[in-house]
Protein chains: 2
Amino acid sequence: DIKEMSRIVLEKEGKTALQYGPTEGDNRLREELAKMMNKDGVNISSDHILIVTSSQQGLDLVGKIFVDPGDVIMVSRPTYVGAIQAFHSYGAKMLGIELDQEGTQTILLEAEIVKLAAKGSKPKFIYEIPDFQNPSGITMSLKRRKELIRIAEKYDLIIVEDSPYRQLRFEGKPEPSLIGMNSERILSLYTFSKILLPGFRLGWMAGPSELIQKAVTAKQSVDLCSSPFNQSILYEYLSRGLLEKQILIISKAYKEKRDFMLDRMAQYMPKLPGLKWTQPQGGLFLWVTLPESMDAGEMFMAAVEKQVAYVVGSAFYPDSGGSNCFRMNFSYSSMAEIEEGVKRLAQVIDTWKGRRETSIITP
Amino acid sequence: DIKEMSRIVLEKEGKTALQYGPTEGDNRLREELAKMMNKDGVNISSDHILIVTSSQQGLDLVGKIFVDPGDVIMVSRPTYVGAIQAFHSYGAKMLGIELDQEGTQTILLEAEIVKLAAKGSKPKFIYEIPDFQNPSGITMSLKRRKELIRIAEKYDLIIVEDSPYRQLRFEGKPEPSLIGMNSERILSLYTFSKILLPGFRLGWMAGPSELIQKAVTAKQSVDLCSSPFNQSILYEYLSRGLLEKQILIISKAYKEKRDFMLDRMAQYMPKLPGLKWTQPQGGLFLWVTLPESMDAGEMFMAAVEKQVAYVVGSAFYPDSGGSNCFRMNFSYSSMAEIEEGVKRLAQVIDTWKGRRETSIITP
């Protein structure tokens with residue numbers, strides 16, 4: 001399909017697609033995206049959309065327009081490592097709020113905001129990944145979403161909603177997106193990387209027009225515009241309804257892999273007190289918590305020796321923490337690799353647990 | 001050709017090209033670029049090259065890795081407006097050094113560096129566009145290039161060499177590039193936007209490996225990687241020697257347009273004391289200086305009324321200045337449009353000159 005769309009673009013409009021385009025992005029593509037968001041309950045028009053070169057660029061632009069060195073940003077613990085890097089590069093100080101099974105704990109969030117206010121300070125924004133969070137796979141409950149928005153309104157705060165996985169729901173009814181609940185103080189980031197292909201490096205940002213305008217100005221100095229060639233190909237793809245079909249195909253394939261991985265985890269993992277993992281309803285990731293005494297960082301080399309890998313949990317903590325956690329991806333590997341990988345990982349955990357105890361006994 | 005290369009990429013390696021790639025860029029493409037630079041007298045390997053999403057991103061990364069708010073950067077007056085924006089967004093203070101027909105006046109540059117040193121300060125880097133400078137079209141003489149490098153060595157400074165037009169030389173022997181003269185303290189930015197097509201949003205950065213490594217880390221948080229799809233297409237294009245042919249074709253076409261524009265300027269422009277323009281040996285731009293009393297900004301609306309446009313000179317000044325100058329582009333318009341445009345502009349200048357005098361007389 002991409003091949004066919006590339007051909008169409010080069011034949012129909014080779015000249016335009018290979019020139020510079022508007023910084024905001026291809027108008028036709030922005031309109032298709034607005035329509036897609038309308039179907040998801042978000043009441044915005046294409047004026048509120050900026051095409052970005054991947055949602056990572058969205059995070060960088062957010063850093064550029066909001067953050068001055070020393071500014072405080074509220075994030076969950078754990079949170080996406082790429083967001084930590086992007087905000088950190090602008091000198092942000094990230095204040096992490098513990099997650100539970102319903103998402104960021106809004107009571108703790110509000111308490112921290114009140115503490116900041118007492119010191120005469122205020123967060124620049126709240127960063128959230130409400131759907132199938134990276135790395136935990138947790139989806140924020142409707143109750144927490146409402147609380148989050150109430151807090152944003154009460155304390156006059158912006159929420160940056162990162163939505164790379166929202167369309168990858170395998171089961172259950174979606175909760176409304178934050179931008180669908182309040183389009184006036186939410187800036188949302190989306191990407192084609194998880195639903196279509198990362199190799200195009202395209203995503204989009206949606207939000208209040210004054211923030212989108214600031215982001216457009218920032219993008220101007222960052223890369224002038226995103227590739228009009230790639231945007232044209234995506235427009236042709238979207239306007240034919242091919243993306244919706246593609247999302248269905250991907251979601252089905254990922255669901256099978258998630259089911260398979262959860263099944264094999266239940267089968268192979270040693271029964272240790274405290275060892276547990278999340279059961280995500282979509283997305284790409286499982287989050288594994290080891291018994292408190294175990295260190296996923298220390299265990300990593302033993303895992304690599306067995307040719308099985310994971311991302312160490314502490315990478316997703318803006319401060320310290322997560323040392324007994326790690327992230328697993330179920331979308332990338334084949335079924336056979338998942339089976340073998342889980343088996344090996346279970347062995348490593350079992351052995352490492354013993355070794356740790358030994359090393360505690362011997363001086 | 002691009003159509004054919006897209007087809008080849010999608011057939012040969014569709015899967016890889018549509019996935020994430022290394023932040024440094026496609027190794028095969030980096031090797032082709034190193035070869036191309038070797039032919040231009042630059043002794044570096046592919047390890048010293050980072051693929052960027054347009055050279056505007058290169059400027060943004062340079063800002064990110066070098067600039068803390070309040071840092072001083074040396075630039076020429078005038079200089080590229082996109083560089084001013086990119087560095088400004090990181091809080092840089094730009095110190096402009098007057099250009100003449102040989103490029104940045106290195107005597108003035110050294111004097112400013114000495115003055116800074118007396119205050120215990122030092123520029124973060126010197127920003128230069130040595131070949132067919134934007135906006136002036138001026139090429140830096142060999143003598144000045146040597147002086148520039150001597151100054152960089154003496155005061156332990158980095159030079160950021162912006163080279164978007166270097167390959168677009170219409171006549172005469174090229175001067176060595178700065179990075180060709182000293183590869184240890186020069187970071188050079190190149191782009192495919194001017195020699196092939198802007199719609200791909202690709203360029204590259206070349207320089208000392210520790211700086212390239214810093215830029216790779218910065219790029220990681222900015223957009224992870226540049227489009228592997230577009231990089232693969234370019235690799236196929238370069239490896240077949242098509243880019244060299246393309247540069248010859250473009251240079252020939254632009255030369256004809258430059259000759260034509262210069263010819264029509266000589267024919268139509270009113271003979272006013274102080275009215276002059278540059279005679280670039282390549283690139284895309286002419287720089288016009290009006291008599292001191294005239295203001296190109298004020299005249300702009302009158303030009304637009306006549307449906308002829310230019311970029312007002314003051315946009316290219318990091319401080320104030322350039323109000324009696326403007327930039328013209330000779331690469332974009334057709335011959336017929338150039339003829340008509342120059343004619344109209346000549347009329348506007350002639351009329352505006354009269355109007356200004358009138359408005360000075362009447363209170």
Side-chain angles (χ1 to χ4, degrees), chain A residues 2-7 9-11 14-21 52-61 63-65 68-69 81-91 193 196-203 217-233 332, chain B residues 2-7 9-11 14-21 52-61 63-65 68-69 81-91 193 196-203 217-233 332:
Chain A
I2 293 295
K3 205 186 294 180
E4 176 66 10
M5 298 308 122
S6 306
R7 196 187 57 74
V9 165
L10 287 163
E11 263 166 31
K15 280 217 171 151
T16 332
L18 297 175
Q19 286 305 318
Y20 291 106
V52 291
T53 313
S54 79
S55 65
Q56 187 67 39
Q57 180 180 68
L59 292 168
D60 180 58
L61 293 177
K64 217 177 184 76
I65 65 180
D68 294 312
V81 57
I84 298 177
Q85 284 170 359
F87 303 151
H88 184 76
S89 81
Y90 290 97
S193 296
L196 187 58
L197 25 82
F200 265 50
R201 314 304 302 129
L202 286 175
T217 307
K219 183 171 166 65
Q220 179 79 22
S221 85
V222 158
D223 66 1
L224 303 177
C225 64
S226 295
S227 167
F229 176 57
N230 301 15
Q231 289 184 64
S232 291
I233 295 173
Y332 189 73
Chain B
I2 292 296
K3 205 187 296 181
E4 176 66 9
M5 297 309 121
S6 306
R7 195 185 59 73
V9 165
L10 287 164
E11 263 166 31
K15 281 217 170 152
T16 331
L18 298 174
Q19 286 304 318
Y20 292 105
V52 291
T53 312
S54 78
S55 65
Q56 186 67 40
Q57 180 180 68
L59 293 169
D60 181 58
L61 293 177
K64 215 176 184 76
I65 65 180
D68 295 311
V81 58
I84 297 178
Q85 283 170 357
F87 303 151
H88 182 76
S89 83
Y90 290 96
S193 296
L196 187 57
L197 25 85
F200 265 48
R201 314 304 302 130
L202 285 175
T217 306
K219 183 170 167 65
Q220 178 79 21
S221 85
V222 158
D223 67 0
L224 303 177
C225 64
S226 294
S227 168
F229 176 57
N230 301 14
Q231 289 185 64
S232 291
I233 296 173
Y332 190 74

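For the numbers below, each heavy atom of this structure counts, side chains included, while hydrogens, waters and symmetry mates do not. All of these numbers come straight from a predicted model, not from anything done at the bench. Each chain gets a letter, A, B and so on, in the order the sequences are listed, and its residues count up from 1.
- Of the listed residues (L202(A), I84(A), L10(A), L61(A)), the one with the most heavy-atom contacts under 4.5 Å to chain B is L10(A).
- Looking at F87(A), neither its backbone nor its side chain comes within 4.5 Å of chain B, counting heavy atoms on both sides.
- Of the listed residues (H88(A), R7(A), E11(A)), the one with the most heavy-atom contacts under 4.5 Å to chain B is E11(A).
- The side-chain heavy atoms of C225(B) and Q220(B), taken from C-beta on, include no pair separated by under 4.5 Å.
- To the nearest 0.5 Å, atoms OG (S193(B)) and CG (L18(A)) are separated by 11.0 Å.
- The CE atom of M5(B) lies 10.0 Å from the CD1 atom of I233(B); values are rounded to the nearest 0.5 Å.
- With a 4.5 angstrom heavy-atom cutoff, I65(B) does not touch chain A via any of its atoms.
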Under the salt bridge (Lys or Arg N to Asp or Glu O under 4.0 Å) rule, what do K64(B) and D60(B) come out as? Steps first, then yes or no, please. CA-CA 6 Å; K64(B) 215 176 184 76; D60(B) 181 58; 5.4 Å; no
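- When heavy atoms are compared at a cutoff of 4.5 Å, S6(B) approaches chain A solely by way of its side chain, counted from C-beta outward.
- Both the backbone and the side chain of L224(B) come within less than 4.5 Å of a heavy atom in chain A.
- Neither the backbone nor the side chain of S232(A) comes within less than 4.5 Å of any heavy atom of chain B.
- Ranked by non-hydrogen atom pairs under 4.5 Å with chain A, the options A83(B), S89(B), G82(B), G63(B) are led by S89(B).
- Counting all heavy atoms, side chain and backbone alike, K219(A) lies closest to T53(A) at NZ-OG1, 3.3 Å.
- Distance check, rounded to the nearest 0.5 Å: OG1 of T217(B) to CD of Q85(A) gives 9.0 Å.
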